[in-house]
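Throughout, protein chains are lettered first and strands after them, A, B, ... in sequence-line order, and every chain is numbered starting at 1. Predicted model only: the values in this text are computed from it and were never measured.
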Amino acid sequence: MLTKAPRGTGDILPGEVEKWQYLEEQFKKLCRDYNYKEIRTPIFEHTELFVRSVGEDTDIVGKEMYTFLDKGDRSITLRPEGTAPTVRAYLQHKLYGQAQPVKLFYYGPMFRYDRPQAGRFRQFHQWGVEVFGSREPLLDAEVISLAVAFFNSVGIEGLILELNSVGCSKCRPSYREEIRKYIAGYRDSLCLDCSRRLETNPMRILDCKEKNCKEITNNIPEMTGHLCEECREHFKEVVESLEAIKVSYRINPRLVRGLDYYTRTAFEIIDPQLGAQNSLGGGGRYDDLVEVCGGNTTPAVGFAIGLERALLALKSKSIEDLYQEKPGVFVAALGNKAGMEGLKMVTELRHEGIKAEKDYLHRSLKAQMKQADRINARYVIIMGEEELEKGKVLLRDMKEGHQREVTKKEITAHLKEKMGR
RNA sequence: GUGAGUGUAGCUCAGGAGGUUAGAGCACCAGAUUGUGGCUCUGGGGGCCGUGGGUUCGAGUCCCAUCACUCACCCCA
């Protein structure tokens, strides 16, 4: 236990972390181009925030939250998602007073108490964007296109964008009733979860993977046919906008997201090559959430992408494809006196922006050469007693395999020129 | 929370239906003309056999429990 990370968590080690850095850079760059500003919120919040916003009947709130009492008897929850905290911050700092719409992005760890499996962890990382203050369908298209652009920019291919409209507080209740009525006759044939859903959230039955439930719901009228005038128009324009900017999509009338706050647009990006957890990201519109959290009516739309899953989809790509190790210089010093000179040398080189390393284990020259080779050193500076007495060092080109004497004074300038800096 | 599978060296794995000091490859360290990398050769260090019980003269091997990992269900990123 002492030497084991808790279940569902893990360390990101050198060799793997470079991939993370690569994805993080790409995402930040993209957000800058789309004019989104970063926001950083705490990784824990008052439990109430998630219960109210994500929804009492959702799996996240019902069974997946890391909740505890702090020493002041406050109920605290490690954030299971990023939208609610962003909404909270938006209201707390009165960001509605800024130029509209407010376009934000975030990145960080999220926590859900779930049984781990491929692509699912208890601590995982998401990044997402949230836009407040516009109900324009064109904005939905922008948000979706940003998610799609990210996957394109890092070379993840073969994804499917699924799209649906889940209606609004005006048209959804009647659709819910419709489902209830339709299914009432089949009540006994439903799976256990679904008979519960019939009461709590009938729309989720559409999403059930049980064979029986699927058959029952097969002929249920679709949500898209029950949208109110405004929602239907909105959905139509989202679709048209996506076509206008050439984002391909697939309408899935059964797409129902697991968080209660979604209205109208709901979408998910799926990698069919992945296992059971194949959703790389998803999001949608949540026009009522800000109000639920105590603010004025403020339409909003956003998405979240799972980093671990993006990495899974990227698996085929090797680190070398994404990340080039900076070539450097290895200083091989022989003997104690030379060792000190070696330290001075690497310090000087580093100050010049050249990657430099030396030996700290009093190893033989042979071993030091091996080390130099391993860290991909382009040059090795060999300093022995003899050379130092003459004020000179040996400069070895590891790639060409030859070496020559250079005076110690001019070595830095020399390398600076050679290493292109 | 439910189900199935798997836990032997840093990594990937061997260990015939229980029997001596638990092996290999890779990695690591050292040496092969005591100042020169990659290739090769030689040697070396490393293992509470996940943990705890039990059966047995004897358990890495059989039984039970437990923990962890993996995959799936549920749900989602």
Side-chain angles (χ1 to χ4, degrees), chain A residues 1-10 13 15 54 57-65 79-83 107-128 147 191-194 196-197 201 204 207-211 213 255-259 266 268-271 274-283 303-313 330 332-335 338 359 361 363-388 393-403:
Chain A
M1 278 306 180
L2 190 62
T3 52
K4 242 174 203 165
R7 181 159 211 206
T9 71
L13 302 175
V54 175
D57 296 324
T58 61
D59 279 19
I60 291 179
V61 171
K63 56 183 197 189
E64 293 172 3
M65 293 206 301
R79 63 180 181 195
E81 57 103 47
T83 299
Y107 169 55
M110 306 292 163
F111 306 85
R112 290 184 203 172
Y113 189 88
D114 234 353
R115 193 94 169 249
Q117 76 184 73
R120 197 174 71 188
F121 307 90
R122 289 184 173 177
Q123 174 174 317
F124 60 100
H125 298 75
Q126 279 189 338
W127 52 48
C191 71
L192 231 66
D193 285 316
C194 282
R196 181 175 46 79
R197 285 182 187 130
N201 193 350
R204 298 293 295 286
D207 216 20
C208 186
K209 277 94 190 170
E210 288 286 330
K211 209 173 161 191
C213 303
L255 177 64
V256 180
R257 311 225 66 234
L259 290 73
E268 203 160 318
I269 295 174
I270 290 164
D271 184 347
L274 252 40
Q277 310 302 321
N278 62 2
S279 169
L280 296 190
F303 71 74
I305 291 173
L307 260 285
E308 282 81 359
R309 290 189 188 171
L311 250 0
L312 232 46
F330 191 91
L334 300 162
D359 167 71
L361 295 171
R363 284 199 271 214
S364 66
L365 178 59
K366 184 190 174 84
Q368 293 194 48
M369 293 298 287
K370 204 171 169 180
Q371 175 75 354
D373 194 50
R374 216 161 8 203
I375 68 161
N376 191 27
R378 180 64 216 276
Y379 298 99
V380 174
I381 297 170
I382 301 167
M383 343 175 71
E385 308 282 321
E386 295 166 36
E387 287 87 2
L388 283 176
V393 296
L394 284 173
L395 178 64
R396 180 174 178 82
D397 185 326
M398 295 294 272
K399 200 166 156 195
E400 302 298 327
H402 56 63
Q403 63 194 39

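With sequence neighbours excluded, no residue satisfies side-chain hydrogen bond (donor to acceptor under 3.5 Å, both in side chains) with A:E64. Under the side-chain hydrogen bond (donor to acceptor under 3.5 Å, both in side chains) criterion, A:Q123 pairs with no residue, sequence neighbours left out. Considering only residues two or more places apart in sequence or on other chains, A:Q403 meets the side-chain contact (heavy atoms from CB on, under 4.5 Å) condition with A:I382, A:L394, A:R396. For A:R79, the side-chain hydrogen bond (donor to acceptor under 3.5 Å, both in side chains) test picks out A:T41, with sequence neighbours left out. Evaluation of the side-chain hydrogen bond (donor to acceptor under 3.5 Å, both in side chains) rule for A:D397 yields A:R378 as partners, not counting sequence neighbours.
Comparing B:rA77, B:rA68, B:rG37 by their nearest atom to the side chain of A:R120 picks out B:rA77. Relative to the side chain of A:A367, the nucleotides B:rC69, B:rA30, B:rG37 differ in distance, and B:rA30 lies closest. Closest approach to the A:R363 side chain among B:rA77, B:rC69, B:rA30 is made by B:rA30 (side chain taken as heavy atoms from C-beta onward). Relative to the side chain of A:A276, the nucleotides B:rC73, B:rG35, B:rG37 differ in distance, and B:rC73 lies closest. Distances from the side chain of A:S279 to the nucleotides B:rA77, B:rC69, B:rG31 place B:rA77 closest. Out of B:rG35, B:rA77, B:rA68, the shortest distance to the side chain of A:K4 is found at B:rA68.
Atom CD in A:E64 sits roughly 15 Å away from atom C1' in B:rU2 (whole-Å rounding). Rounded to whole angstrom, the span from the CE atom of A:M369 across to the P atom of B:rA30 amounts to 15 Å. Atom C1' of nucleotide B:rG35 and atom CD1 of A:I382 are separated by 8 Å, given to the nearest angstrom. The CG-C1' distance, from A:L13 to B:rC11, rounds to 13 Å in whole Å. Going from atom CG of A:D397 over to atom P of B:rU36 covers 19 Å, rounded to whole Å. The nearest whole Å value for the distance from the CD atom in A:Q277 to the P atom in B:rA77 is 10 Å. In this structure, A:M383 atom CE and B:rU36 atom C1' are separated by 16 Å, rounded to whole Å. What separates CZ of A:R309 from P of B:rA77 is a distance of 8 Å, to the nearest Å.
Between A:A332 and A:L365, the shortest heavy-atom contact is CB-CD1, 3.9 Å.
B:rG37 and B:rA32 are spaced 16 Å apart, taking the C1' atom of each and rounding to whole Å. The C1' atoms of B:rA14 and B:rG54 are separated by 28 Å, rounded to the nearest whole Å. On the P atoms, B:rA4 is 47 Å away from B:rU40, given to the nearest whole Å. As rounded to the nearest Å, B:rA27 and B:rG10 have C1' atoms that lie 7 Å from one another. Comparing the P positions of B:rA24 and B:rG1 gives a spacing of 43 Å, expressed to the nearest Å. B:rU21 and B:rG47 have their C1' atoms separated by 14 Å, with the value rounded to a whole Å. Rounded to the nearest Å, the gap between the P atom of B:rU8 and that of B:rG44 is 25 Å. Taking the P atoms as reference points, B:rC63 lies 15 Å from B:rG19, given to the whole Å.
In terms of polar N and O atoms assigned as donor or acceptor, the side chain of A:Q368 never comes within less than 3.5 Å of the base of B:rU36 in a complementary pairing. Put simply, the side chain of A:R374 and the base of B:rG38 share no donor and acceptor less than 3.5 Å apart. Applying the 3.5 Å distance criterion, the base of B:rG35 shares no donor-acceptor pair with the side chain of A:E385.
Residue contacts shown for A:G128 are absent, as no nucleic acid heavy atom lies under 4.0 Å away. A:E308 comes within contact range of no nucleotide atom at all, as no heavy-atom separation falls under 4.0 Å. Across all strands, A:G8 comes closer than 4.0 Å only to sugar-phosphate atoms, never to a base (heavy-atom distances). Residue A:A118 is in sugar-phosphate contact alone, with no base atom involved, counting any heavy-atom pair closer than 4.0 Å across all strands shown. Among the heavy atoms of the strands lying under 4.0 Å from A:E387 is at least one base atom, whether or not backbone atoms are also near. Within the 4.0 angstrom heavy-atom criterion, no nucleotide atom of any strand lies near A:I60. Across all strands shown, A:R122 has no heavy atoms under 4.0 Å from either base or sugar-phosphate atoms.
Looking at A:D373, A:L361, A:L334, A:V380 one by one, the single match for side chain to side chain contact (heavy atoms under 4.5 Å, CB included) with A:Q368 turns out to be A:L334.
Looking at A:K63 and A:Y113, their side chains never come closer than 4.5 Å, going by heavy atoms from C-beta outward. Counting heavy atoms from C-beta outward, A:M110 and A:P80 have side chains that stay 4.5 Å or more apart.
Nearer the 5' end of RNA chain B, as judged by each residue's closest nucleotide, is the contact made by A:E386, out of A:N278 and A:E386. Checking A:L394 against A:L280, the closest nucleotide of RNA chain B that is more toward the 5' end is the one next to A:L394.
Under 4.0 angstrom from either OP1 or OP2 of B:rC73 there lies no side-chain N or O belonging to A:R115. The phosphate of B:rU70 (OP1 or OP2) has no side-chain N or O of A:Q117 nearer than 4.0 angstrom. Regarding contacts with the backbone of B:rG37, a side-chain N or O of A:K366 is found under 4.0 angstrom from either OP1 or OP2. A:R257 has a side-chain polar atom (N or O) that falls below the 4.0 Å cut-off from OP1 or OP2 of B:rA77.
A:Q277 CD to A:R309 CZ: the interatomic distance, rounded to the nearest 0.5 Å, is 5.0 Å.
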> In dot-bracket form, how is RNA chain B paired, counting a Watson-Crick or G-U wobble pair only if both its distances are under 3.5 Å and using | for bases paired to another strand?
Replying inline: (((((((..((((.....[...)))).(((((.......))))).....(((((..]....))))))))))))....

>> I'd like to know whether A:E81 forms a side chain to side chain contact (heavy atoms under 4.5 Å, CB included) with A:L259, so could you lay out the CA-CA distance, the side-chain angles of the two residues, the decisive distance to 0.1 Å, and finally the verdict.
In response: CA-CA 10 Å; A:E81 57 103 47; A:L259 290 73; 3.6 Å; yes

